[in-house]
Amino acid sequence: MEYNFADIEQRAKDKWTAEQVYKAHNPTGNEPAKPKCYILDMFPYPSGAGLHVGHPLGYIASDIYARYKRLNGYNVLHPMGFDAFGLPAEQYALETGQHPVETTRKNTARYREQLDNIGFCFDWSREVRTSDPKYYKWTQWIFLQLFHSWFDRSRNKVRPIAELISIFEQEGNIKNACPGDENIVFDAAAWNNYTEQQKRDCLMQYRMAYQGYAQVWWCEALGTVLANDEVVNGVSERGNHPVERKNMRQWFLRITEYAERLLSSLDNLEWSEAMKEMQRNWIGKSIGAEVKFKCLTPALSKGEGGGESSITVFTTRPDTIFGVDFMVLAPEHELVDAITTAEQKTAIEEYKTYVKSRSERERMSEVKQITGCFTGAYAAHPFTGQPIPVWIAEYVLAGYGTGAIMAVPSGDDRDFAFAKHFGIPITNIFGDKYTGDKAYSDKAGTIENSDFVSGKSIAEAAALVIEALAADGRGKKKVNYKLRDAGFSRQRYWGEPFPIVYVNDIPYGIDEEPVKDTNLNSLPVELPYVEGYKPGPEGQGPLANVNEWMNTPVGQRETNTMPGYAGSSWYFLRYMDPNNDTAFADRKATDYWNQVDLYIGGTEHAVGHLLYSRMWTKALYDLNHISFDEPFKRLLNQGMIQGVSYYIGSGEWDNEIAIINENRPPSELVKFDVVCSFYHRNERTAAKPQGKLFHAGETGLVSYGPNIRLKYGHNFVDTKDRLTKEKYRQYLTSQGYADDSIIDKLTKVLWENQLSENGEQYIQCKMEVEKMSKSKYNVVNPDDIVAQYGADTFRMYEMFLGPIDVSKPWDTKGIEGVHRFLKKMWRLYFGDGGWIVTDDAPTDEEYRSLHKTIKKIGDDIERFSFNTSVSQFMICVNELSALGCHKRAILEPLAVVICPFAPHIAEELWRHFGHNGSVVDASFPKYEDRYVTDNTKKYPVAVNGKTRIELEFALDADAADIEKAVLAEEVVQKWMEGRPLKKFIYVRGKMINVVA
RNA sequence: GCCCGGAUGGCGGAAUCGGUAGACGCGCCAGACUCAAAAUCUGGUAUUCGCAAGGAUGUGCAGGUUCGAUUCCUGUUCCGGGCACCA
């Protein structure tokens with residue numbers, strides 16, 4: 001009886017669906033108490049390209065873990081859903097004229113089909129989609145909670161804004177400094193005299209969800225704001241139009257208030273150190289000082305305010321203050337215009353224009369080219385009073401620290417390079433340590449040439465400087481975080497609308513006066529269905545075009561929408577109670593399922609999604625909506641599955657210039673045709689003049705590199721990466737080139753001189769590992785693999801490829817081995833005539849094979865080493881086959897052990913063993929110690945570290961006896977070469993080393 | 001540029017706590033079965049010297065610690081991910 005995976009898998013799937021075996025139950029109280037286990041995958045964004053074999057990697061891992069936990073008696077929650085709002089769907093809508101609702105529906109259906117094909121144990125009855133109004137109703141609700149709350153620094157938690165208002169009414173903000181603007185200070189009387197507008201403005205500076213200003217990429221030609229992704233080489237990806245940074249009013253989440261808690265509670269999470277480190281670096285806590293430098297600019301001292309103006313800098317090295325030779329402001333710094341002298345005005349304006357065209361990334365990465373501009377202004381050194389020149393430069397970012405730095409060129413590499421470049425004299429404050437060739441940035445030694453801190457260590461000097469500055473209010477100790485508040489507005493259509501209405505230009509939540517009593521007050525605020533998604537006027541989102549939606553009798557609705565991470569910041573809570581219409585989830589459900597026990601996803605979410613989710617969880621915890629303040633107890637990062645691309649080497653097209661034009665006579669431009677279809681948008685091979693990307697049909701000049709991409713080459717090359725003439729013909733046909741003359745033209749340069757062993761002409765292709773993506777023509781669809789080999793083979797092969805957390809290339813060729821293994825396993829159970837399992841008593845050897853496997857699989861699953869599990873199954877089946885074992889006592893437990901990996905075949909075998917229920921509900925077998933421990937060990941015996949012989953001893957043998965036996969050995973004597981024994985090393989169960 | 005990873009045969013990888021480097025699989029080579037092919041099975045397969053026995057070398061590169069290093073430390077090269085509006 002053959003291993004007919006198609007039948008087997010269909011039967012298993014039908015059973016699972018019919019009996020709803022994967023439905024997870026929230027406990028009702030009178031059920032037997034099972035420990036819970038919440039296993040979650042990062043839900044996918046349903047793109048139009050469908051799933052490729054890389055996507056399910058993490059899902060298979062979580063599926064194995066979920067099934068294993070269930071076999072071990074846990075109540076398992078393992079849900080799946082879709083992150084369905086986002087930019088790509090809108091982009092696609094703009095290009096094709098299909099509504100995002102439609103494309104999203106189609107794409108999710110396709111994803112669902114592909115996922116179902118693989119046999120996951122997801123409880124689909126709990127599916128969530130972030131773009132479903134029933135879901136985003138609660139995204140909006142949580143936004144309102146954040147809008148209506150503030151962070152109480154003294155209690156280190158978020159509280160309702162109503163409580164802040166009563167504090168203001170009684171004592172002003174004396175005890176609660178304003179996080180949005182430290183200069184806002186008022187007492188109760190002042191507060192009570194504020195107008196409504198003034199009160200709302202003030203509260204906005206406290207809210208966890210607030211409005212402020214942020215720089216965005218503005219594209220005049222497209223009339224829209226662009227994502228970083230849509231800006232390539234300084235121009236818009238669509239149409240190559242110029243772009244610039246523009247300040248716009250935006251919503252933000254005040255995540256910075258949580259910086260310290262986000263940092264400190266990392267210690268309790270079972271995440272990889274690397275992942276925690278990335279979050280720590282992102283939060284970027286640094287301890288230093290804030291120092292005020294008085295401005296010496298005449299223009300300012302004459303200013304109308306009359307008060308002294310000063311530049312505040314943040315520095316992590318207050319000890320180096322006597323080495324300050326110049327100061328640098330971010331070009332966007334608010335003081336720049338005020339302090340710039342008349343002579344420098346033009347130069348400064350020019351420089352600011354240049355900086356507007358630069359991304360933050362470019363500004364931070366640039367080290368070779370040093371740019372900056374002198375403002376003409378000077379500031380006074382806080383101790384010496386010496387004038388210090390004030391510059392602006394792109395390497396200082398407005399968003400970090402105070403947007404201004406004190407530059408110490410003798411102690412900082414970048415300051416040093418800047419000073420050298422602009423010829424600014426450098427003061428040495430490190431004595432002999434500073435040579436003048438480069439900055440001395442080591443944090444060791446003493447500070448010199450520095451007045452009252454000369455001769456002091458760095459720590460002592462820093463403390464003394466801060467003390468001296470603090471004495472008269474010119475500075476103070478300061479903790480700074482790199483973390484910035486999260487921009488929460490998008491000028492887009494396909495996202496959650498804000499539950500905000502502007503009344504007299506003041507934003508109100510729809511649940512508060514004066515909106516509360518109108519018909520606008522109910523959630524969700526539904527996204528209106530519109531035909532077009534063109535940008536609104538003046539950089540507003542498309543919703544600004546929908547007048548009947550935007551304009552209400554009470555006021556105007558907010559026309560921005562929420563960003564992609566809004567819905568994904570809390571979805572793990574919704575799975576616990578997905579259909580609840582009166583709360584985001586019932587408290588009983590969230591108390592029960594609690595934290596996610598295991599969360600699996602890619603490292604690309606290290607600082608975005610994972611940080612925002614943690615913040616939302618903390619806010620909901622502080623406001624007493626849930627009972628835990630960290631969402632993901634344990635995190636596992638899966639690596640990427642990369643694609644394998646094949647290239648045909650060719651000298652002929654090297655550096656050739658051709659004109660792209662589809663209407664040219666075919667006879668002359670055959671080469672170009674072929675090249676173009678191979679090369680389409682492939683930056684590796686078609687150099688893009690002037691940074692341009694070519695789309696089919698565009699016209700321009702292209703020079704070709706020496707490699708041609710063989711699209712989907714894995715379908716054509718043989719095991720030695722060779723492309724035979726026949727396969728090449730097939731390839732051209734698949735690309736729409738049926739004309740043999742093309743082949744002849746290409747033949748001259750492409751074919752190898754020698755024929756293959758089979759006497760065929762061939763091209764030796766070059767294999768390369770790249771990202772698996774549609775644009776690289778190397779994607780492999782899991783559906784094809786499942787159709788050819790079955791889901792069980794696919795699942796096991798994905799795991800067999802390598803460790804879950806590292807990137808590795810997909811190679812379809814290797815799948816045969818796993819498929820052969822399953823067929824071989826099948827033959828333990830079935831002979832030519834059918835079921836051959838007997839009730840014979842197993843031998844000791846058979847028991848050992850089984851029990852070692854049970855132990856290894858359990859251990860491996862617990863440490864997520866799934867690739868070695870697959871190896872162990874192979875070893876076990878090889879052993880049992882060699883022993884001719886067809887015994888129930890061995891094979892029935894084996895079927896259960898393999899169930900997490902290959903659930904379909906396990907279900908089929910379970911049925912043949914006569915069980916009515918599903919194997920999913922079986923129990924994972926327990927191993928017996930006596931079958932997994934050995935009594936003797938073959939020790940490798942080394943002489944001076946080199947293994948020379950293997951000797952077997954009992955594990956409980958006496959050390960002295962072993963030494964005697966080893967030294968008596970002829971081979972050992974030979975390698976000791978007559979030298980006396982210096983040391984005898986014996987590690988029980990490991991090895992023996994004789995040192996002579 | 002900064003932060004975080006990774007590098008082991010022709011290929012994917014194993015070696016779980018510093019203790020026999022290359023498990024398992026692919027590919028390749030040889031053989032069995034077959035009219036033939038497929039499927040299946042058996043044996044071999046890091047490099048190198050040697051008929052063999054056996055020896056030498058070998059985990060990106062250069063050092064270090066150790067009786068012993070793929071594993072720990074220092075430096076370095078290359079590759080991948082992230083860098084705040086892709087998700």
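Numbered from 1 within each chain, the chains take letters A, B, ... in sequence-line order.
- Base pairing of B/rA84: no nucleotide in any strand meets the Watson-Crick or G-U wobble criterion (both distances under 3.5 Å).
- Between A/R820 and the phosphate of B/rC26, there is a side-chain N or O to OP1/OP2 separation shorter than 4.0 Å.
- For B/rC73, the glycosidic angle deviates from 0 by more than 90°, giving an anti base.
- For CG of A/D934, the number of neighbouring non-hydrogen atoms (other residues, nucleotides, ligands) closer than 6.0 Å is greater than 12.
- Atom name C1', nucleotides B/rC24 and B/rG6: the rounded distance is 22 Å, in whole Å.
- Residue A/W810 is out of contact with every strand shown, counting any heavy-atom pair closer than 4.0 Å.
- Between the P atoms of B/rG82 and B/rC11, the separation comes to 27 Å (whole Å).
- B/rG12 is paired with B/rC24 under the criterion used here, namely a Watson-Crick or G-U wobble arrangement in which both key atom distances are under 3.5 Å.
- In a base pair of the Watson-Crick type (N1 to N3 plus N6-O4 or O6-N4) or a G-U wobble (N1-O2 and O6-N3), with each distance short of 3.5 Å, B/rU59 is matched with no nucleotide.
- No side-chain heavy atom of A/L269 sits less than 4.5 Å from a side-chain heavy atom of A/L635.
- For the P atoms, the distance from B/rC4 to B/rG58 is 32 Å, rounded to whole Å.
- With P as the reference atom, B/rA21 and B/rC26 are 26 Å apart, rounded to whole Å.
- Contact annotation for A/R948: backbone-only contact, meaning every heavy-atom pair under 4.0 Å involves sugar-phosphate atoms and none involves a base.
- Base engagement by A/E950 is indicated by at least one non-hydrogen atom pair under 4.0 Å involving a base atom.
- Straight-line distance between the C1' atoms of B/rG27 and B/rG10: roughly 7 Å, to the nearest whole Å.
- A/Y533 and A/Y493 have tilted rings, their planes meeting at an angle from 30° to 60° on a 0 to 90° scale.
- Anti is the classification of B/rG82, since its glycosidic angle lies more than 90° from 0.
- Searching all strands for a Watson-Crick or G-U wobble partner of B/rG43 with both distances below 3.5 Å returns B/rC29.
- Residue A/K823 places at least one side-chain N or O closer than 4.0 Å to OP1 or OP2 of B/rU40.
- Comparing A/M874 and A/K974 against RNA chain B, the residue whose closest nucleotide sits nearer the 5' end is A/M874.
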query: How does protein contact run along nucleotides 65-87 of chain B, one letter per nucleotide 5' to 3', with B for base contact, S for sugar-phosphate only, - for none, heavy atoms under 4.0 Å?
result: --B-------------SSBBBBB

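- Residue A/D860 is the one, among A/D860 and A/P940, whose nearest nucleotide of RNA chain B lies closer to the 5' end (criterion: closest heavy atom).
- Across all strands, A/N878 comes closer than 4.0 Å only to sugar-phosphate atoms, never to a base (heavy-atom distances).
- Here, B/rC72 and B/rU59 have their P atoms 15 Å apart, quoted to the whole Å.
- For the 3.5 Å distance criterion, the side chains of A/T561 and A/W494 fail to qualify, holding no donor opposite an acceptor.
- Using a 4.0 Å heavy-atom distance criterion, A/R414 is classed as making no nucleic acid contact.
- Pairing partner, B/rG5: B/rC79, with both Watson-Crick or wobble hydrogen-bond distances short of 3.5 Å.
- Counting heavy atoms from C-beta outward, A/L397 and A/R363 have side chains that approach closer than 4.5 Å.
- Taking side-chain N and O atoms only, A/R827 has a distance below 4.0 Å to OP1 or OP2 of B/rC41.
- Remark: A/K856 is not in phosphate contact with B/rC24, judged by side-chain N or O atoms under 4.0 Å from OP1 or OP2.
- Shown here, B/rC72 forms a base pair with B/rG64; the pair counts as Watson-Crick or G-U wobble because both key distances fall under 3.5 Å.
- With C1' as the reference atom, B/rG54 and B/rA37 are 44 Å apart, rounded to whole Å.
- Look at the P atom in both B/rA46 and B/rC41: the space between them is 22 Å, to the nearest Å.
- Using modelled atom types and a 3.5 Å distance limit, the side chains of A/Q91 and A/E230 yield a donor-acceptor pair.
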